[in-house]
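Written below as structure tokens is the structure these notes are about.
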Amino acid sequence: MKKYAEYKHFDLTEIAKEIREFWKEDNTFEKSIETRKNAPPFVFYEGPPSANGKPGIHHVMSRTIKDIFCRYKTLCGYRVDRKAGWDTHGLPVEISVEKLLGITKDDIGEHISVEEYNKTCRREVMKYKDLWGELTEEMGYWIDLDNPYITFDNKYIETVWYLLATLHEKGLLYKGYTIQPYSPAAGTGLSTHELNQPGCYKDVKDTSVTAQFKVQKDEKSQFLFDKTDTDIFLLAWTTTPWTLASNTALAVGSGIKYAVVKTFNQYTGKPITVILAKDLLHTFFNEKNKDLKLEDYRKGDKNIPFEVIAELDGKALEGLRYEQLIPWIEPMGDAFRVILGDYVTTDEGTGIVHIAPTFGADDDRVAKIAGIAPLHLIDKDGHKRPMVDLSGKFFTLEDLDEDFIKNYVNKDAYAEYAGRYVKNDYNESLPEDAPILDVDLAVMLKQNNQAFKIEKYVHSYPHCWRTDKPILYYPMDSWFIKTTDYKERMLELNNTINWKPSSTGQGRFGNWLENLVDWNLSRSRYWGIPLPIWVTEDKKEQKCIGSVSGLKEEINRAVEAGVMNSNPLEHFDPGNMEQENYDRIDLHRPYVDDIVLVSDTGKKMFRETDLIDVWFDSGSMPYAQLHYPFENKENIDNKFPADFIAEGVDQTRGWFFTLHAIATMIFDNVAYKNVVSNGLVLDKEGNKMSKRLGNAIDPFENMSTYGPDATRWYMVTNAQPWDNLKFDPAGVDEIRKKFFGTLYNTYSFFALYANIDGFNYEEKEIPHSERPELDRWIISELNTMVRNVKTNMDDYEPTKAGRIIQKFVYDYLSNWYVRLSRRRFWKGEYTSDKVSAYQTLYKCLETVAILMAPISPFFSDKLFRDLNEASGRHHVSSVHLVDFPKVMEEKTDKDLEERMQLAQQISSQVLSLRKKAGIRVRQPLNKIMIPSASAKLKTQLEKVEDLIKAEVNIKNIEFLTESSGVLVKKIKPNFKSLGPKYGKLMKQITKAFNEMRQEDIEKLENEGSFTFTIEGRQIEIGSEDAEIITEDIPGLAVSTMNNLTVALDLTITESLKQEGIARELINRIQNIRKEKGFDVTDEIDVEILQNDTLKNTVANNFSYICSETLAKNLSLEDSLNESQAEQIELEEGLATMIKVNKV
RNA sequence: AGUCCCGUAGCUCAGUCGGUUAGAGCGCUACACUGAUAAUGUAGAGGUCCGCAGUUCAAGUCUGCGCGGGACUACCA
């Protein structure tokens, strides 16, 4: 006969190791997919991690979430394919390689060839692949690591190219510019990543100018001129005066109040009228001067009078036109208009913002929206340029296009400043005391009555980390995807996605979509997917390549045209999908850069040197992992869109977005139907984990200390996935001891007795109706649990599901069912009651094992296999291959659950009363009384009476239904029912309730209604409107909880006393049995040294004592041989000697 | 700066539709039990529900404004 495995000690780490090895041997993961081969698919996408960094504890978090639902859906009968993936491109890899090689970006192509550099990247990016593999295995994350998608693979790149070509065909790819940090000293653009290096932001002292922009007098501005007789100026502040020459607009805030102020220019003494934010008046005008008369002012006076002559909303200023401040160059398009800017504040400056679209990202954005032209120059090559060249100086006239100068440039005015560096830092040859452009411009404005205020201003400004020179925000060429064209559709589709939590979807993600800008695809780096776009030198013709075979054909044409000598893709065999074929080529730089194509008109075409944003790589994974459409074209419907994805909330604008954008633009579909975004894993103090602070948790160490199951269970049940998790190893240990320990104990208990009785689940199921109350109860709770776990798992709420399982195991199964059923397992013959107990407990353990399997895959499998090994109920090797339990609604019984709840509560109350009275539980007591019991309550309690009696060791339960005068009652208003009816009167009604006398309460009880008079109004209350509880029963110990009162009779009669002592005696005998190591089935002889108390006690409880202790003979003796006897004390002052021997 | 999340006992977290005694586990203290024993149970202490204002008969719960922690995005005259 097969036995249930029994263990000496409990070690979760050991269990995990054993099960892990078993899975390998058994191919359990493969089986879990194979056995569902023809089942409906549940599509899951793995967000690719980068193996360039070591995995951390937060990866255990997100992968646990992923694993849970994949395993759960497998149990529910779906086929869940899980392809791993690796993110291999991007800046982090490049930076780490630069560090490794001790080079900078500038060295690439100079001191090290691109070829060699990229080779290093390819190698480095997989540096920690093995470590990731270990983590995956040790934490029990089931994913197919043998066939991963890899973003640097040529097949992967080909699909990405296909997607880009599709976008190009739809006209969604275009070349534009963005304002990016640029270092003129280094001659290179900087990424935000580089800008965030420590020490990049430094305090600098700049000349700041509050400039006066002269309002044009026209129909629109007439209302302003009606109020004053001077010129009217809009005030705008800047810390970079050199950008004023590129100003093309002014922005005001629609919610900001502006003041129109009549005053004088402090430098020229001229009377002027200026407009600025009302809130900022005090920074420009001294409150002390407000009573000065305008007409008393003389040029040169220190105190300048001012008068607010009007106030208006920002909206009223919109559309005003003004004269160009520094009229050197004429813009090509609409300009010099007041527009609304969403980001305008009154924290600093004037509340009116100077807009130079060529030198500010925000400026560029609001100007585009308002249709304002940027100030462009045309250089000798015919290119549009900003006013500053790449070396950081104003363009010289020689470098500009002649026609352009003729038509747009005020040569005389500009000539004075052309060629000047905007920051002296950019020109090493300038002496320290060289004139500063900003200062010269300020002086010029001052003289022209265009400067309202000039001062030095200290602020923090980013510097280039390589040259230490200030950076410039500068327009750089970039390729864009016109995502804005699909904004509405993306929003629409987003509404169909089930976000967990929903706030991330509607809030963070929704808002992001609302404010969508075009996707900047360009990265001027080396290691990444090259942009497959070839352009003629005159920029007039483009080709976007969408496949390797397409590229091969184009090259062949180029070779024919004599543009290329040979075809580097010569050995590539179009149409052959073998990996080997694809490994013959390399689509990375520098090889693609060497490819020159020929245009339809016969011109040479060169590749645009940019790489694409790595986020496009990962966003393409639904298709690229399948090499779609080159392979898997037919079964894409089974793989797209995903039913479920999960990643950290930091991916909202990363992977979640790129998946969504590409799916919307190309497939007009969502990429995923359900998405869980989990929060951060912080240390136990709530700080971010970092290697620097030394507070990072090593996932391997944690899992080997506490076991992966405990780690996973802790992470899932401690906080909702989307809340940040404060990770405390002590909490993991608590889970290990409490949850898994309890479950292990419960199993051990079962195994111990099942093995003794030879229970193998061979008997027929005891019919539900024939099982005892307690069994039917736990089965009811079990089914309720299954239903609730299923509901929550279906709703992607693993935390709630886990907590429900926990509650069942602790409160219902261990603390109540097993504790109350213990006797049934070890007492008596192998009756049907015993079989029922075994079947019931077995069923509970088995079901719990299945329900917890997604969260704690190792322990659950161990538990399941130990059970199944002996019973053979399931013909599968693992818990992960069974079907999720069906809810048997017919076996749930709400009344039963409720009355067991009552039994627990009453037991707890009685135990508490015993405690207070100092009467131990072994001392039987006569009765408890429950007053004011409704008929329902009474029927309910009668069914659990025996349980309560046994649990708290009392003889009887009495129900007091009639209100005999002995009960002292208390009444409380039912706010929920009275509140809506009486509203404001509630305070007085509460008072009236408090003043009710015992007779009043009885009247309400007996007649079902009672009437108050409040403010002359008759208030009739019914029994629904009040809660009546018994506060006290004279002479008895009373406890009230949840409107239920229990009174305990503390009287101990002689016979109760004797019974109590008999129990003590039994207890001592049992102890001795145990001490002596008797088997639980051994029969014994007992001799006791008698005394008067014992004589009656034993006589009156003789058979009870014998049956409890398996005593064949029990005798009272006048003397005992002391050497074989033991001294026992039955209670304070009652001691004797006893001899216990095996028969 | 914007968007989002979080703030309840020493710690980690529940708290339904707003309903008057705010709960659990751990930890701490005291005890009980001893055929689950490296197990189990009971009781006790412990609260400015982050603050202020508002709505309401009634606010931990709803609204507004703050404070603190965190994330993402943008970096600003």
Side-chain angles (χ1 to χ4, degrees), chain A residues 9-10 181 192 195 208 210 236-240 243 250-251 341-345 347-356 360-363 365 459 462 473 501 503-504 506-512 514-515 648-654 679-680 682 684 686-688 714 717-720 722-726 728 730-731 734 737-738 741-742 744-750 752-753 799-800 803 806-807 810-811 814-815 818-819 822-823 825-827 908 911-912 914-916 920-922 972-980 982-990 1067 1070-1071 1073-1074 1080:
Chain A
H9 66 287
F10 171 60
T192 41
L195 225 55
S208 77
T210 304
W237 178 68
T238 179
T239 54
T240 50
T243 61
L250 292 170
D342 49 12
Y343 65 99
V344 178
T345 67
D347 298 342
E348 276 182 313
T350 62
I352 301 175
V353 177
H354 142 62
I355 302 287
D362 275 331
D363 302 29
R365 182 170 56 82
H459 62 150
Y473 287 95
S503 61
T504 298
Q506 283 152 13
R508 188 185 284 207
F509 195 64
N511 285 326
W512 161 258
E514 292 280 358
N515 298 310
V649 69
D650 51 332
Q651 293 296 336
T652 307
R653 280 139 180 183
L680 295 185
L682 309 168
K684 64 175 178 178
N687 299 310
K688 213 175 161 175
Y714 168 77
T717 57
N718 194 60
Q720 302 260 50
W722 33 90
D723 287 341
N724 289 343
L725 172 68
K726 291 185 191 168
D728 186 355
E734 185 185 320
K737 281 193 294 208
K738 186 129 171 71
T742 303
Y744 161 77
N745 275 322
T746 308
Y747 165 78
S748 302
F749 174 85
F750 167 82
L752 175 67
Y753 295 107
T799 308
K800 286 184 181 166
R803 285 174 178 171
Q806 230 167 249
K807 186 173 172 57
Y810 293 157
D811 294 348
S814 169
N815 188 22
V818 173
R819 209 158 50 77
R822 281 189 316 219
R823 282 176 73 88
F825 289 91
W826 53 261
K827 186 105 172 112
S908 166
L911 289 170
S912 169
R914 278 179 169 275
K915 166 97 180 168
K916 275 181 200 140
R920 59 183 188 276
V921 180
R922 266 200 296 268
K972 227 172 57 172
N974 179 356
F975 289 92
K976 217 167 178 169
S977 77
L978 287 167
Y982 298 109
K984 284 189 202 256
L985 288 173
M986 279 310 291
K987 285 220 169 82
Q988 288 165 79
I989 291 176
T990 308
N1067 166 248
Q1070 301 287 30
N1071 284 351
R1073 285 183 61 115
K1074 202 171 167 191
V1080 289

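Numbers restart at 1 for each chain; the letters A, B, ... are given by sequence-line order, proteins then strands.
Within the nucleic acid shown, A:Glu734 comes within 4.0 Å of sugar-phosphate atoms alone, with no base atom in reach, counting heavy atoms only. Nucleic acid contact for A:Ser208: none, since no nucleic acid atom lies under 4.0 Å from a heavy atom of the residue. Among the atoms of the strands shown, base atoms are found under 4.0 Å from some heavy atom of A:Val818. Using a 4.0 Å heavy-atom distance criterion, A:Lys987 is classed as a sugar-phosphate-only contact. No contact: A:Glu514 has no heavy atom under 4.0 Å from any strand. The residue A:Asn815 sits close only to the backbone: its heavy atoms come under 4.0 Å of sugar-phosphate atoms, none of a base. Counting non-hydrogen atoms under 4.0 angstrom, A:Gly979 reaches a base of the nucleic acid. Among the atoms of the strands shown, only primed sugar atoms or phosphate atoms (P, OP1, OP2) are found under 4.0 Å from some heavy atom of A:Thr239. A:Arg1073 comes within 4.0 angstrom of a nucleotide base, judged by non-hydrogen atoms across all strands.
A:Phe975 places its CZ atom 13 Å from the C1' atom of B:G18, with the value rounded to the nearest Å. At whole-Å resolution of the value, CZ in A:Phe10 and C1' in B:A36 are 14 Å apart. Straight-line distance from the NZ atom of A:Lys726 to the P atom of B:C13: 6 Å, rounded to whole Å. A:Gln720 has its CD atom 15 Å from the C1' atom of B:G7, to the nearest Å. Between the CD atom of A:Gln806 and the C1' atom of B:U12 there is a distance of 12 Å, given to the nearest Å. Between the P atom of B:C72 and the CZ atom of A:Phe509 lies a distance of 16 Å, rounded to the nearest Å. Atom NZ of A:Lys737 and atom P of B:G27 are 7 Å apart (whole Å). In this structure, the NZ atom of A:Lys800 is 11 Å from the C1' atom of B:G15, given to the nearest Å.
Across all strands shown, B:A36 remains unpaired; no Watson-Crick or G-U wobble contact has both distances below 3.5 Å. If you check B:U55 for Watson-Crick or wobble pairing at under 3.5 angstrom, you find it has no partner at all. As the counterpart of B:C26, B:G10 is assigned, both hydrogen-bonding distances of the Watson-Crick or G-U wobble pattern falling under 3.5 Å. Pair check for B:U61 finds none; no Watson-Crick or G-U wobble contact set falls under 3.5 Å. Across all strands shown, B:U16 has no partner, as no Watson-Crick or G-U wobble contact with both distances under 3.5 Å is found. Applying the Watson-Crick and G-U wobble criteria (two distances, each under 3.5 Å), B:G2 pairs with B:C72.
Residue-to-nucleotide proximity on RNA chain B shows that, of A:Lys738 and A:Gly360, the 5′-proximal contact is made by A:Lys738. The residue among A:Thr742 and A:Leu752 whose nearest nucleotide of RNA chain B is located toward the 5' end is A:Leu752.
Between A:Tyr473 and B:C76, a side-chain N or O to OP1/OP2 separation shorter than 4.0 Å is present. Put simply, A:Arg922 has a side-chain N or O that comes within less than 4.0 Å of OP1 or OP2 on B:C33.
Looking at residues two or more places apart in sequence or on another chain, you find a salt bridge (Lys or Arg N to Asp or Glu O under 4.0 Å) between A:Lys737 and A:Asp733.
With P as the reference atom, B:A9 and B:A14 are 12 Å apart, rounded to whole Å. With P as the reference atom, B:G68 and B:A58 are 32 Å apart, rounded to whole Å. Here, B:G19 and B:G60 have their C1' atoms 13 Å apart, quoted to the whole Å. On the C1' atoms, B:G64 is 25 Å away from B:A22, given to the nearest whole Å. Nucleotides B:C13 and B:A74 are separated by 30 Å at their P atoms, to the nearest Å. Comparing B:C49 with B:G7, their P atoms are spaced 15 Å from each other, to the whole Å.
In this structure, of B:U34, B:C17, B:C33, it is B:U34 that holds the atom nearest to the side chain of A:Asn1067. Taking every side-chain heavy atom of A:Arg822 into account, B:A36 is the closest of B:C13, B:A36, B:U73. Distance from the side chain of A:Met986 is smallest to B:C57 among B:C57, B:G35, B:C5. Comparing atom distances between the A:Asn724 side chain and each of B:G70, B:U20, B:C13 picks out B:G70 as nearest.
Within the 4.5 Å cutoff, side-chain heavy atoms of A:Thr990 are placed close to those of A:Phe975.
Annotation: the span from A:Lys800 atom NZ to A:Thr717 atom OG1 amounts to 14.5 Å, rounded to 0.5 Å.
B:A36 has no stacking from A:Phe749 on its base ring, since the centres under 5.5 angstrom apart and planes within 30 degrees of parallel are not both found.
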